[in-house]
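All values derive from a computational prediction rather than experimental measurement. Both backbone and side-chain heavy atoms feed into the values below; hydrogens, waters and symmetry mates do not.
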Amino acid sequence: MTLTKPSHPSAVSSPLCSLKGSLLTVAVLTLLSLSYLSLNSLRTPTPSPIVVDSTIQSPHEDYSDVYHSPDSFRLNYAEMEREFKVFIYPDGDPNTFYQTPRKVTGKYASEGYFFQNIRESHFVTLDPEEAHLFFVPVSPHKMRGKGTSYENMTVIVQDYVDGLIVKYPYWNRSLGADHFFVTCHDVGVRAFEGSPVMIKNTIRVVCSPSYNVGFIPHKDVALPQVLQPFALPAGGNDVENRTTLGFWAGHRNSKIRVILARVWENDTELDISNNRINRATGHLVYQKRFYRTKFCICPGGSQVNSARITDSIHYGCVPVILSDYYDLPFNDILNWRKFAVVLRERDVYNLKQILKNIPQSEFVSLHNNLVKVQKHFQWNSPPVKFDAFHMIMYELWLRHHVIKY
């Protein structure tokens with residue numbers, strides 16, 4: 001029998017050793033790579049520079065007293081200017097109730113100005129896919145101007161919105177949560193009540209933001225009611241001329257106004273008139289009284305809001321808010337207590353003493369801060385930075401961040 005001589009051991013182990021060596025090398029290199037990446041990830045990255053519009057930061061002005069968070073406002077505002085895009089639905093005849101304003105004067109001018117300003121701005125996009133929000137351009141103020149009844153308003157709004165839902169895919173994407181409408185007329189708010197989904201889901205930009213009639217502060221936006229054009233130039237830096245303690249004149253069309261007139265009409269230190277001032281008494285007598293008054297009383301009327309608040313701000317008269325359930329315009333941005341006196345309606349009985357107890361130094365501070373915020377409560381065409389239009393757009397920009405779809 002012939003025996004086969006076994007192979008030399010080294011001939012078998014040589015390839016095996018070579019494989020083990022290769023695997024060991026790969027393992028070592030992998031370990032070194034992971035170690036490098038781990039150490040590198042622990043390093044603090046160099047932050048990218050934040051570009052802020054130079055017009056937002058002025059070294060000569062201190063806004064710490066009028067904004068809740070000045071730095072956040074500056075940075076977020078700059079981001080809004082760069083990024084924010086709104087798609088306006090093109091549907092609807094401008095000669096009827098859509099697209100264009102009825103007018104940009106009078107006590108509902110804010111609605112008209114928004115309709116006009118947004119088309120004058122750089123925020124509009126023709127591409128709905130890049131839009132952050134969608135504007136529903138139906139104007140209750142135009143309906144009112146054409147004599148449309150409240151009942152017909154609700155039908156018109158409902159039909160218009162239903163048409164958008166059928167025609168476009170964007171409403172159903174968020175059930176309308178990234179859509180908004182704008183109205184200043186109190187009847188306009190009621191016109192949208194015929195569409196419950198709009199009340200529940202959409203962002204409502206309204207002049208009558210009352211907590212007790214369905215206004216939701218974290219979703220909806222308070223639109224300042226501004227009666228433009230102003231009859232006289234802005235007041236301010238004139239505290240020495242303000243010798244009257246308090247002033248109000250107007251119709252008694254609410255409970256708080258009835259009480260205000262009844263309690264203080266004959267007072268010698270508060271200038272309270274139980275009616276509007278007759279124009280026959282002189283030219284612009286009503287407006288001129290704002291110039292010589294320290295505190296202008298602003299009770300709610302048929303709604304919680306009043307154009308008297310923005311009149312007071314424009315003429316440099318510290319507004320005294322006497323309206324419960326009122327979500328003041330830009331309340332989450334501006335600290336109203338730094339430039340206004342905010343009271344409860346029940347404080348009307350102690351009104352004079354409350355105002356007299358405010359030290360002169362505090363009044364001067366309120367007045368100076370009031371001058372700082374005047375630009376936020378004025379409309380322009382075309383719009384300018386930080387005016388009422390841009391503040392509304394900023395409020396919408398803040399709300400778009402919480403929309404999920």
* Structure fact -> Minimal heavy-atom distance between Asp271 and Arg289, with the atoms involved, is OD2-NH1, 3.0 Å
* Structure fact -> Residues Lys219 and Ile199: closest non-hydrogen pair is NZ-O, 3.3 Å
* Evaluate ring-ring contact (aromatic ring centres under 6.0 Å, His included) for Tyr394 paired with Phe330, printing each intermediate quantity in order. => CA-CA 9 Å; Tyr394 181 74; Phe330 319 134; 9.3 Å; no
* Do the side chain of Asn350 and the main chain of Asp347 share a donor and acceptor less than 3.5 angstrom apart? -> no
* Asked: Would you say Thr100 and Ser139 make side-chain contact, with heavy atoms under 4.5 Å?
  -> no
* Hey, are Arg74 and Asp71 close enough for a salt bridge, meaning a charged N less than 4.0 Å from a carboxylate O? -> yes
* To do: Evaluate the criterion side chain to side chain donor-acceptor pair (under 3.5 Å) for residue pair Glu129 and Tyr170; output intermediate values, then yes/no.
  => CA-CA 9 Å; Glu129 294 298 336; Tyr170 309 108; 3.3 Å; yes
* **Side-chain touch Tyr168/Pro128, heavy atoms, less than 4.5 angstrom** => no
* Asked: Do His179 and Tyr89 have side-chain atoms, one donor and one acceptor, less than 3.5 Å apart?
  -> yes
* Electrostatic pair Lys255:Glu345 at N-O distance under 4.0 angstrom -> no
* Rounded to the nearest 0.5 Å, what's the gap from CZ on Phe290 to CG on Leu232? Could you check? => 10.5 Å
* To do: Examine distances only and state if a side-chain atom of Thr310 and a backbone atom of Phe377 form a donor-acceptor pair shorter than 3.5 Å.
  => no
* **Whether Thr202 side chain and Gly176 backbone form a donor-acceptor pair below 3.5 Å** => no
* To do: Dump the intermediate steps for side chain to side chain contact (heavy atoms under 4.5 Å, CB included) on Cys184 and His141, then the final yes or no.
  => CA-CA 8 Å; Cys184 192; His141 193 206; over 6 Å; no
* **Main-chain N/O of Leu270 paired to Asp267 side chain as donor or acceptor, under 3.5 Å** => yes
* State, yes or no, whether a side-chain contact exists between Leu133 and Asp178 at a heavy-atom distance under 4.5 Å. => yes
* Pairwise side-chain contact, Asp324 with Ile256, heavy-atom cut-off 4.5 Å (strictly under) -> no
* To do: Decide if the gap between the ring center of Phe134 and the ring center of Phe180 is smaller than 6.0 angstrom.
  => no
* Structure fact -> In this structure, CZ of Phe363 is separated from CG of Leu245 (nearest 0.5 Å) by 9.5 Å
* **Sub-4.5 Å side-chain heavy-atom contact between Gln378 and Gln374** => no
* With a 4.5 Å limit on heavy-atom distance, are the side chains of Met143 and Val157 in contact? -> yes
* Structure fact -> Here the gap from Tyr315 atom OH to Tyr286 atom OH, rounded to the nearest 0.5 Å, amounts to 9.0 Å
* Could you walk me through whether Phe123 and His390 pass the side chain to side chain contact (heavy atoms under 4.5 Å, CB included) check? -> CA-CA 10 Å; Phe123 297 112; His390 281 85; 4.0 Å; yes
* Asked: Counting only N and O atoms by type, is there a donor-acceptor contact under 3.5 Å from the side chain of Trp336 to the main-chain atoms of Pro329?
  -> yes
* Separation of Trp248 CH2 from Cys298 SG (nearest 0.5 Å) -> 11.0 Å
* Pairwise distance CD(Glu111) to CD(Gln225) - rounded to 0.5 angstrom -> 11.0 Å
* Can you check side chain to side chain contact (heavy atoms under 4.5 Å, CB included) on Val182 and Ile392, steps first, answer last? -> CA-CA 10 Å; Val182 177; Ile392 292 298; 5.8 Å; no
* To do: Using a 4.5 Å cut-off on heavy atoms from C-beta on, say whether the side chain of Val226 contacts that of Tyr113.
  => no
* Does the ring-ring contact (aromatic ring centres under 6.0 Å, His included) test come out yes or no for Phe181 and Phe114, once each step is laid out? -> CA-CA 10 Å; Phe181 66 86; Phe114 187 90; over 10 Å; no
* **Side chain Trp264, main chain Val348, donor-acceptor under 3.5 Å** => yes
* **Any donor-acceptor pair under 3.5 Å from Lys142 side chain to Gln99 backbone** => no
* Structure fact -> Scanning both residues in full, the closest heavy-atom pair of Val221 with Leu396 reads CG2-CD2, 4.3 Å
* Please assess Trp397 against Glu83 for the test side chain to side chain contact (heavy atoms under 4.5 Å, CB included), listing each intermediate value before the final yes or no. => CA-CA 9 Å; Trp397 173 249; Glu83 306 292 339; 3.7 Å; yes
* To do: Check Pro90 against Phe87 and note the closest heavy-atom contact, atom names and distance.
  => CD-CZ, 4.0 Å
* To do: Run through Ile333, Val66, Asp387, Leu334 and flag the one making a side chain to side chain contact (heavy atoms under 4.5 Å, CB included) with His376.
  => Leu334
* Asked: Centres of the Tyr326 and Phe215 rings: under 6.0 Å?
  -> no
* Spell out, as yes or no, whether a donor-acceptor pair under 3.5 Å connects the side chain of Asn369 to the backbone of Phe339. => no
* **For the student: nearest non-hydrogen atoms of Ile297 and Leu355, plus distance** => CD1-CD1, 4.0 Å
* Asked: Below 4.5 Å, heavy atoms only, C-beta onward: do Met198 and Gln158 meet side chain to side chain?
  -> no
* **Donor-acceptor contact present, side-chain Gln116 to main-chain Ser381, <3.5 Å** => no
* **Exercise: identify the closest heavy-atom pair between Ala261 and Arg252** => CB-CD, 3.7 Å
* Structure fact -> The reported gap from CD in Gln228 to NE2 in His314 (rounded to nearest 0.5 angstrom) is 8.5 Å
* Asked: Ignoring hydrogens and geometry, is there a side-chain-to-backbone donor-acceptor pair from Arg257 to His251 under 3.5 Å?
  -> yes
